[in-house]
Amino acid sequence: MAKKDRVSETPATAFLRQHGVVFTEHPYDYLEHGGAQHSALVLGMDPFAVVKTLIMQDQDDKPMVVLMHGNHKVSTKSLARQLGLKSIEPCAPEVANRHSGYLVGGTSPFATRRAMPVFIEASILALPRICINGGRRGYLVGIDPQVCVQLLDAKPVNCALAE
């Protein structure tokens, strides 16, 4: 069954509207542990253009947001090296939920509870449009990837590993 085309407002969509960002809404039936690959498949999208929002932390437990292609993993060693850090690892789900204010699987980089630095895989910025979580499980928004740089001050990095 297809979900309704309009989803109720989330902190992320309110943030986008407040900043005048035009976006498309893409609700889908959420699958636990399905990830970006599942949403891309269900929505008929290229998983390369479906961007995951990952909450990670450095060796001092300082959180950060990493935006990555749906069909790639983050090379934490490469990312740590580029940022001059000893190590980077994913946050435990409950820690990620506390930092972002969203549930894992529904994490948006927009309007997070805690201000965190944002890093974006550089090749994402070459795409004409991306789909990224809109702040709820089973809900993506389509935007120009430059919005991530303009509104989040996302810093480009090169840390993609094919899955």
Side-chain angles (χ1 to χ4, degrees), residues 1-17 21-57 63-79 88-114 116 118-145 147-148 151-152 154 156-163:
M1 274 287 149
K3 284 194 173 183
K4 60 186 181 199
D5 289 337
R6 181 89 168 92
V7 176
S8 61
E9 194 89 299
T10 68
T13 56
F15 177 87
L16 292 171
R17 286 189 212 295
V21 175
V22 176
F23 61 90
T24 54
E25 296 182 294
H26 304 276
Y28 65 96
D29 290 323
Y30 177 76
L31 173 67
E32 191 78 31
H33 304 296
Q37 296 273 31
H38 168 74
S39 58
L41 180 69
V42 171
L43 293 170
M45 297 178 180
D46 181 352
F48 192 75
V50 174
V51 175
K52 302 185 272 196
T53 303
L54 306 166
I55 308 297
M56 301 193 137
Q57 64 190 18
M64 66 188 74
V65 177
V66 180
L67 304 177
M68 181 56 66
H69 298 288
N71 57 355
H72 285 67
K73 291 192 273 193
V74 174
S75 168
T76 53
K77 285 182 181 179
S78 174
L79 183 58
I88 293 176
E89 64 183 10
C91 286
E94 60 278 3
V95 174
N97 293 345
R98 272 197 315 272
H99 288 317
S100 71
Y102 296 107
L103 291 175
V104 168
T107 304
S108 176
F110 303 106
T112 55
R113 176 177 292 151
R114 180 174 181 176
M116 296 175 273
V118 179
F119 301 96
I120 185 168
E121 173 58 35
S123 53
I124 291 170
L125 296 172
L127 296 170
R129 284 198 68 76
I130 60 170
C131 276
I132 195 162
N133 198 286
R136 175 172 290 131
R137 290 175 171 175
Y139 178 55
L140 301 180
V141 292
I143 59 170
D144 179 324
V147 168
C148 299
L151 297 183
L152 302 174
V157 291
N158 293 293
C159 60
L161 289 173
E163 283 191 340

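What's counted below: heavy atoms across the whole structure, side chains too, no hydrogens, waters or symmetry copies.
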>> Please determine whether side-chain contact (heavy atoms from CB on, under 4.5 Å) holds for the pair Leu54 and Val74, giving the CA-CA distance in whole Å, both sets of side-chain angles, and the decisive distance to 0.1 Å.
In response: CA-CA 9 Å; Leu54 306 166; Val74 174; 3.6 Å; yes
> How far apart are the closest heavy atoms of Glu9 and Arg136, and which atoms are they?
Replying inline: O-NH2, 3.9 Å
> With a 4.5 Å limit on heavy-atom distance, are the side chains of Thr53 and Ile132 in contact?
Replying inline: yes
> Roughly how far, to the nearest 0.5 Å, is the CG atom of Leu41 from the CE atom of Met45?
Replying inline: 11.5 Å
>> The test is side-chain contact (heavy atoms from CB on, under 4.5 Å); show your working for Cys148 and Leu67 and say whether it passes.
In response: CA-CA 9 Å; Cys148 299; Leu67 304 177; 3.9 Å; yes
> Any idea which heavy atoms bring Val104 and Thr107 closest together, and the distance?
Replying inline: CA-OG1, 3.8 Å
>> For a quick check under 3.5 Å, do His69 and Ser123 share a side-chain donor-acceptor pair by atom type?
In response: yes
> How far does NE2 of His26 sit from OG1 of Thr24, to the nearest 0.5 angstrom?
Replying inline: 2.5 Å
> Any idea which heavy atoms bring Gly134 and Ser108 closest together, and the distance?
Replying inline: C-CB, 4.1 Å
> So do Val51 and Glu121 actually touch side chain to side chain, heavy atoms under 4.5 Å?
Replying inline: no
> Please, which pairs that meet salt bridge (Lys or Arg N to Asp or Glu O under 4.0 Å) have at least one residue in residues 42-55, sequence neighbours excluded?
Replying inline: Lys52-Glu163
> Can you name the closest pair of heavy atoms from Ala36 and Gly70 and give their distance?
Replying inline: CB-CA, 3.5 Å
> Can you name the nearest heavy-atom pair linking Phe15 to Ala111, along with the distance?
Replying inline: CB-CB, 3.9 Å
> Can you tell me how far CG of Leu152 sits from CZ of Phe119, rounded to the nearest 0.5 angstrom?
Replying inline: 12.0 Å
>> Nearest 0.5 Å, please: how far is CD1 in Ile88 from OG1 in Thr76?
In response: 7.5 Å
>> Any heavy-atom pair between the side chains of Ser100 and Arg114 that's under 4.5 Å?
In response: no
> If you take all heavy atoms of Pro47 and Gln37, which pair is closest and at what distance?
Replying inline: CB-OE1, 3.4 Å
> When the ring planes of His72 and Phe48 are compared, do they come out parallel, tilted or perpendicular, using 30° and 60° as the limits?
Replying inline: perpendicular
> Which is it for Glu32 and Arg137 under the side-chain contact (heavy atoms from CB on, under 4.5 Å) test, yes or no, and what are the steps along the way?
Replying inline: CA-CA 9 Å; Glu32 191 78 31; Arg137 290 175 171 175; 4.0 Å; yes
> When rounded to the nearest 0.5 angstrom, what is the spacing between OG in Ser39 and OH in Tyr139?
Replying inline: 14.0 Å
> Does a side-chain heavy-atom distance below 4.5 Å link Phe23 with Thr13?
Replying inline: yes
> Within a strict 4.5 Å, meaning less than it, do heavy atoms of the Leu16 and Val147 side chains meet?
Replying inline: yes
> Can you tell me if His38 uses its side chain to pair, donor with acceptor, with the backbone of Asp29 under 3.5 Å?
Replying inline: yes
> Do Tyr28 and Leu140 come within less than 4.5 Å of each other through their side chains, counting heavy atoms only?
Replying inline: yes
>> Please identify which of these residues, Arg113, Met116, Met56, meets the side chain to side chain contact (heavy atoms under 4.5 Å, CB included) condition with His99.
In response: Met116
>> Quick check: do Ile124 and Ile130 have side-chain heavy atoms less than 4.5 Å from each other?
In response: yes
> What is the distance from atom CD1 of Ile55 to atom OG1 of Thr112, rounded to the nearest 0.5 Å?
Replying inline: 7.0 Å
> Passes side-chain contact (heavy atoms from CB on, under 4.5 Å), Met64 versus Gln57? Steps please.
Replying inline: CA-CA 6 Å; Met64 66 188 74; Gln57 64 190 18; over 6 Å; no
>> Within the 4.5 Å heavy-atom criterion, are Phe110 and Ile143 side-chain neighbours or not?
In response: yes
